[in-house]
Amino acid sequence: MEVISTDLAIIGGGTAGCMASYEARKQGIDSVVIEKAKVRRSGCLAPGVNAIYSYLHDGEDPENYYEFVRFQGMGLARKDLALSMIKETPYAVKILEDYGLPVLYERQGRFGMRIYGEHIKPILADIARESAENIIERAYSFEIAVNGGKASGVYVFDLKNEDVLFVKAKAVLIASGGASGLYRNYTVPWYPPANAGTGYALAIRSGAEIEGFEFRFIPPRIKDVNSPIGVTAVGFSAPLVNSDGEEFMKTRYAEFGGETAPIAIRALAPSKEYMEGRFPVYINTEKITEEQKERLIKLYLNAWPMFYLFIHARGIDFAERMLEVIPCEPYISGSHTVAGIWVDGNRMTSIKNLFAAGDAAGGVPLKHVGGALAEGIIAARTASQISGNGITYTPEEKTPEFGDYSWKDAEERMQTVLDQYAGGISRYYVYNEHSAKVAVSEIVHLQSLDLGGRAVRVLETYDRLTVARVMLEHMIERKETRMPPFQMRSDYPGLSNSNYILVSRFDGSRFTFRRDYV
Amino acid sequence: MIVFDYDLCIKCEKCEKICPCLAIEMNEFPMLAYPEKCWHCCACIKECPSDAIRLRLPPHIGDQRYEMLVRDERNEMIFRILFDGEPVDEMRIRVRK
Ligand SMILES: Cc1cc2nc3c(=O)[nH]c(=O)nc-3n(C[C@H](O)[C@H](O)[C@H](O)COP(=O)(O)OP(=O)(O)OC[C@H]3O[C@@H](n4cnc5c(N)ncnc54)[C@H](O)[C@@H]3O)c2cc1C
Ligand code: SF4
Ligand code: SF4
């Protein structure tokens with residue numbers, strides 16, 4: 001088995017991972033990036049992005065950002081993490097600008113910075129190529145080596161030649177994004193299917209703590225294309241209307257903040273309109289001028305190009321035929337909820353020298369690109385402080401086992417089970433104790449199968465099952481409805497305002513929970 | 001979903017290598033081996049040096065006669081909408097300073 005030694009092993013060459021390699025080099029340590037696809041276009045930023053959210057504008061107080069995310073998280077947000085993160089965002093964006101990213105210095109919403117971001121990922125890849133000692137592409141991280149309570153490296157499956165290699169490191173950073181593809185989707189997925197929750201699964205299997213997994217992320221999206229709506233809703237102040245022409249956010253959800261209610265409520269409201277028969281639901285674009293229309297389409301070309309094809313093929317003219325809105329299937333992602341691997345202020349997990357950043361890490365309910373960049377920086381900085389020379393760990397010979405039960409069949413069953421018993425789109429996101437327990441037993445059964453097929457697909461399926469299991473345990477443990485529809489129970493229907501984040505640990509056989517009060 | 005034009009394809013394998021979701025595989029020609037893993041992100045289309053890949057909406061979403069082609073011109077990206085193979089609209093965006 002080939003062994004590569006470095007100071008910092010970075011799992012995932014995405015937003016947080018590329019930025020971490022930059023900061024590692026700046027702090028004088030070596031890093032190796034392990035990426036399952038190709039860094040030039042991988043992860044959430046592959047199609048581009050038109051605004052960096054979670055950006056601290058000149059003169060804006062970090063405390064205001066914390067108040068903003070706390071509101072968005074309906075009271076649940078970790079202050080230490082939010083403050084340390086937001087402070088790093090101007091520094092991160094400046095680096096991207098130096099490498100060629102066109103930054104417009106215009107606000108999009110309160111903490112958004114408009115950019116021409118179609119090329120943000122190729123630019124991040126340039127940064128990583130200049131910074132990392134080595135970038136291993138088409139390589140799937142499948143196990144973290146923990147020795148004497150400390151992370152000592154990563155086992156990697158090389159998808160090109162189906163070999164295992166070991167990256168030995170003083171510190172390991174999980175930057176592999178969130179989990180897509182757990183639930184059945186009704187159309188093209190919103191979150192990248194490549195982000196299969198691997199980082200969560202690696203952390204769980206290593207015995208690291210996980211937080212907030214009961215809060216799934218269910219974004220309201222443009223129906224059918226699953227495009228983000230923020231740019232239209234926030235950028236052009238377009239309200240939501242139902243089939244009666246009622247601006248229901250204003251009439252029915254005023255107590256939560258109307259059109260600018262927390263994201264969960266902006267998903268709950270349209271799903272209620274559907275359930276109660278007042279659909280289709282639209283985002284009212286009638287007032288958008290011709291000039292603004294061109295601007296809007298260009299913003300989409302920077303971020304979700306399929307939108308351009310969609311409006312042509314469907315003959316959508318903003319003035320006459322508005323865009324339909326519907327919440328999509330649930331995801332687990334630290335980008336928009338507190339779900340993720342538990343980290344301390346230095347972005348170290350509960351396992352020494354194991355770090356997490358970006359969508360993989362929990363605790364801040366609105367993190368986005370700004371937060372992922374910032375957390376990559378903070379983690380690399382802490383990793384550079386680790387003293388000691390070399391690691392004594394001797395890697396074992398390891399090869400993932402492949403059987404002959406089709407990964408595809410297992411995946412289909414998992415997605416159906418979660419959809420139907422664990423609050424998927426077909427159940428309007430509701431679950432109860434009994435239904436979640438049915439889902440657990442089905443997932444446990446799927447975990448016992450020996451999956452086979454293309455290696456990357458098998459490894460992804462195992463990772464998704466691990467994530468699904470922990471998500472369900474969290475959903476069962478929180479005996480209340482705390483954030484509909486992200487976490488919404490029919491057996492405890494009243495809206496609670498409890499002030500804890502649920503933290504779990506899996507020791508290989510059982511789950512233990514603690515509560516972090518915020 | 002994406003559609004290939006094998007008359008234009010030069011088998012350079014760039015689409016297979018760039019796909020963030022590892023959805024494309026090369027046999028003699030590239031193919032979308034895992035359609036359900038396709039994110040519709042257009043990375044392959046932007047990367048193809050010979051305009052051999054186009055984006056089409058999945059049939060449940062819309063009219064199959066419309067397609068999109070994207071060309072990477074280094075500092076600019078050109079997006080073109082085709083109807084029955086003929087260009088009907090075009091937009092350009094700046095991508096680098
Ligand atoms: C469609 C969409 C639109 C968005 N719009 C905006 C917006 O307008 N503004 C904004 O600020 N934020 C936006 N976000 C959120 C933002 O893009 C993400 O929060 C952020 O980019 C996440 O960064 P990350 O580093 O955690 O993950 P990513 O950038 O996704 O990186 C994860 C990387 O890990 C790799 N990986 C996964 N598994 C493995 C493995 N097993 N081994 C090796 N590598 C692996 C992946 O290939 C990927 O490269 C959007 C997200 C999406 C999906
Ligand atoms: S559109 Fe994106 S996800 Fe689909 S095949 Fe092309 S590169 Fe892969
Ligand atoms: S990138 Fe284009 S030319 Fe190259 S193999 Fe793919 S389809 Fe063919």
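All values derive from a computational prediction rather than experimental measurement. To find a chain, count down the sequence lines: A is the first, B the second, and so on, and within it residues start at 1.
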Sidechain N-carboxylate O distance under 4.0 Å for [X], [Y]:
X	Y	answer
A/Glu118	B/Arg94	no
A/Glu137	B/Lys17	no
A/Asp126	B/Arg96	yes

Which portion of [X] sits near chain B, non-hydrogen atoms under 4.5 angstrom:
X	result
A/Asn302	both
A/Glu97	both
A/Arg41	both
A/Trp304	side chain
A/Ile115	neither
A/Lys223	neither
A/Phe307	neither
A/Glu412	neither
A/Leu101	backbone

Segment of [X] engaging chain A (4.5 angstrom heavy-atom cut-off):
X	result
B/Arg54	neither
B/Phe83	neither
B/Met77	side chain

To the nearest 0.5 Å, how far apart are [atom1] in [X] and [atom2] in [Y]?
X	Y	atom1	atom2	answer
A/Thr187	B/His60	OG1	NE2	3.0 Å
A/Leu309	B/Cys42	CG	SG	8.0 Å
B/Trp39	A/Asn226	CH2	CG	11.0 Å
B/Glu36	A/Gln415	CD	CD	8.5 Å
B/Leu22	A/Leu159	CG	CG	6.5 Å
B/Arg80	A/Tyr308	CZ	OH	9.5 Å

What residue in [options] has the most heavy-atom pairs under 4.5 Å with chain B?
options	result
A/Glu35, A/Met306, A/Arg457	A/Arg457
A/Gly117, A/Cys44, A/Gly181	A/Cys44
A/Arg314, A/Lys38, A/Lys121, A/His312	A/His312
A/Gly48, A/Ala194, A/Ala196	A/Ala194
A/Ser180, A/Ala313, A/Pro122	A/Ala313

For B/Cys41 and A/Pro47, the nearest pair of non-hydrogen atoms, with its separation, is O-CB, 3.8 Å
Taking all non-hydrogen atoms of both residues into account, name the closest pair between A/Ser42 and B/Pro20 and its distance. CA-CB, 3.9 Å
Check whether any side-chain heavy atom of [X] sits under 4.5 Å from a side-chain heavy atom of [Y], and report yes or no.
X	Y	value
B/Asp72	A/His119	yes
A/Tyr116	B/Val95	no
A/Pro305	B/Val70	no

Counting neighbours of [atom1] on [X] that are heavy atoms of other residues, nucleotides or ligands and sit closer than 6.0 Å, is the number greater than 12?
X	atom1	answer
B/Glu90	CD	yes
A/Glu291	CD	no
B/Arg71	CZ	no

Flag the one option from [options] with the top tally of heavy-atom pairs under 4.5 Å to chain A.
options	result
B/Glu47, B/Met91, B/His40	B/Met91
B/Met68, B/Lys37, B/Met1	B/Lys37
B/Leu55, B/Asp63, B/Asp89	B/Asp89
B/Arg92, B/Arg65, B/Gln64, B/Lys46	B/Lys46

Under the salt bridge (Lys or Arg N to Asp or Glu O under 4.0 Å) rule, what do A/Arg454 and B/Glu25 come out as? Steps first, then yes or no, please. CA-CA 11 Å; A/Arg454 187 65 86 205; B/Glu25 280 182 7; 2.8 Å; yes
